[in-house]
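The structure is given below, and queries will be raised subsequently.
Here the structure is a predicted model, which means the values were calculated and not measured. Residues take their numbers from the sequence shown, with the count starting at 1.
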Amino acid sequence: MNVMCMLMPMVDALISSKRDETLVLHETKINRLQAGMRNNEYSMDALAQYSRKENVRVSGIKEVNDETDENIIDSILNIGAAMDFQLNPVTIVDAHRLGKKSPGKTRQIIIRFANRATRNRFISNRRKLKQSEDFKGVFISDDLTPLRFKLFQMVRKLEDVKNAHTRDGKTICTLKNGTKAIIESPDDLFKLGIDEIDHHALGLTEL
């Protein structure tokens, strides 16, 4: 009996140790699975962004009654002329409004160019629109995935961020201390001193 009493604490300690090891092993496996799922989401988003590499979005072009695709393309050509960039209509693969028409709302236009070089020249000249009286309220931007758009909105509102813009699907920001950072996925937010990422706010799966 005395021997059993002496051995019991050792047995309990051994069982507890094995239980802890099992729990750690399970937690490690769960963490790896979660990391794999998250990385898969990021990879899918990267592919979705890549598929938009010839696209731009244009906001602020007034809609007209019975608007046709030809009307939209004419507006795009006029914007190009206002930016000193003569577009050839054959370089525009597609141009259409996004979403359903609703009263009092001007829908964005998405443009798909035939090649990335034309797209990049078009978007790089957008600052010249500020000098045009006809297109002062028109804005040209990257065609971002929902995740990258939310990332951009989140970054630009951070207190330590001085300014931010997007280029080729990435958010490029300058901090108030003068340093720059490139944000391409939620994990990059750690570069900005964010300790905990709100995946729900970014539309990602809660793990």
Return yes if a side-chain donor-acceptor contact under 3.5 Å exists between Gln108 and Ser59, otherwise no.
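The answer is yes; a qualifying pair exists.
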
Sidechain-backbone polar pair: Lys176 side chain, Asn163 backbone, donor-acceptor under 3.5 Å:
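Looks like no, no N/O pair under 3.5 Å.
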
Charged N to carboxylate O under 4.0 angstrom, Arg52 versus Asp143?
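Looking at Asp143 together with Arg52, the answer is yes, because their closest N to O distance falls below 4.0 Å.
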
What is the minimum heavy-atom distance between Thr106 and Gly60, and which atoms define it?
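Closest pair (atom of Thr106, atom of Gly60, distance): CG2-C, 4.4 Å.
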
Within one Ile-Leu-Val-Met-Phe-Trp-Tyr cluster: Leu192 and Leu204, side-chain cutoff 4.5 Å:
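In one cluster with Leu192: Leu204, yes.
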
Side-chain donor/acceptor of Arg126 to backbone N/O of Ile140, under 3.5 Å
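Between the backbone of Ile140 and the side chain of Arg126 there is a qualifying donor-acceptor contact (under 3.5 Å).
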
State plainly whether the residues Arg57 and Asp142 are in salt-bridge range, i.e. N to O under 4.0 Å.
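Salt bridge between Arg57 and Asp142, a charged N being under 4.0 Å from a carboxylate O: no.
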
Does one side chain, of Thr118 or Asn115, offer a donor that lies under 3.5 Å from an acceptor on the other?
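Yes, because at least one side-chain N or O of Thr118 sits under 3.5 Å from a partner of the opposite role on Asn115.
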
Option among Ile76, Leu77, Asp74 that satisfies the side chain to side chain contact (heavy atoms under 4.5 Å, CB included) test with Pro89
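The passing option is Leu77.
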
Measure the CG-CG distance between Asp45 and Leu147 for me, rounded to the nearest 0.5 Å.
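The CG atom of Leu147 is 4.5 Å from CG of Asp45, to the nearest 0.5 Å.
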
Please determine whether a side-chain nitrogen of the Lys or Arg among Lys105 and Glu63 lies less than 4.0 Å from a carboxylate oxygen of the Asp or Glu.
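Salt bridge: no.
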
I'd like to know if the side chain of Thr179 reaches the main chain of Leu175, judged simply by a donor and an acceptor atom lying under 3.5 Å from each other, with no hydrogens or angles considered.
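Here the side-chain-to-backbone pair does not exist.
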
Using a 6.0 Å cut-off, check whether atom NZ of Lys130 has over 12 heavy atoms from anything other than its own residue.
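No, not enclosed.
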
Kindly give the heavy-atom pair with the smallest separation between Arg97 and Arg107, and that separation in Å.
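Heavy atoms of Arg97 and Arg107 come nearest at NH1-O, 2.7 Å.
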
Is there a donor-acceptor contact under 3.5 Å linking the side chains of Ser185 and Asp187?
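The criterion, which ignores hydrogens and geometry beyond distance, is not satisfied for Asp187 and Ser185.
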
Just list the side-chain donor-acceptor pairs under 3.5 Å for residues 167-174, sequence neighbours left out, or say none.
residue: Asp168; atom: OD1; partner: Arg116; partner atom: NH2; Å: 3.4
residue: Asp168; atom: OD1; partner: Arg119; partner atom: NH1; Å: 3.4

Any chance the side chains of Asn71 and Thr68 put a donor and an acceptor closer than 3.5 Å?
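Side-chain D/A pair, Asn71 to Thr68: present.
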
Do the non-hydrogen side-chain atoms of Phe113 and Val56 ever get within less than 4.5 Å of each other?
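They are in contact (side-chain heavy atoms under 4.5 Å apart), so the answer is yes.
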
Transitive ILVMFWY side-chain link Ile197 to Ile183, under 4.5 Å:
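Yes, because Ile197 and Ile183 connect within a single hydrophobic cluster, where side-chain heavy atoms sit under 4.5 Å apart.
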
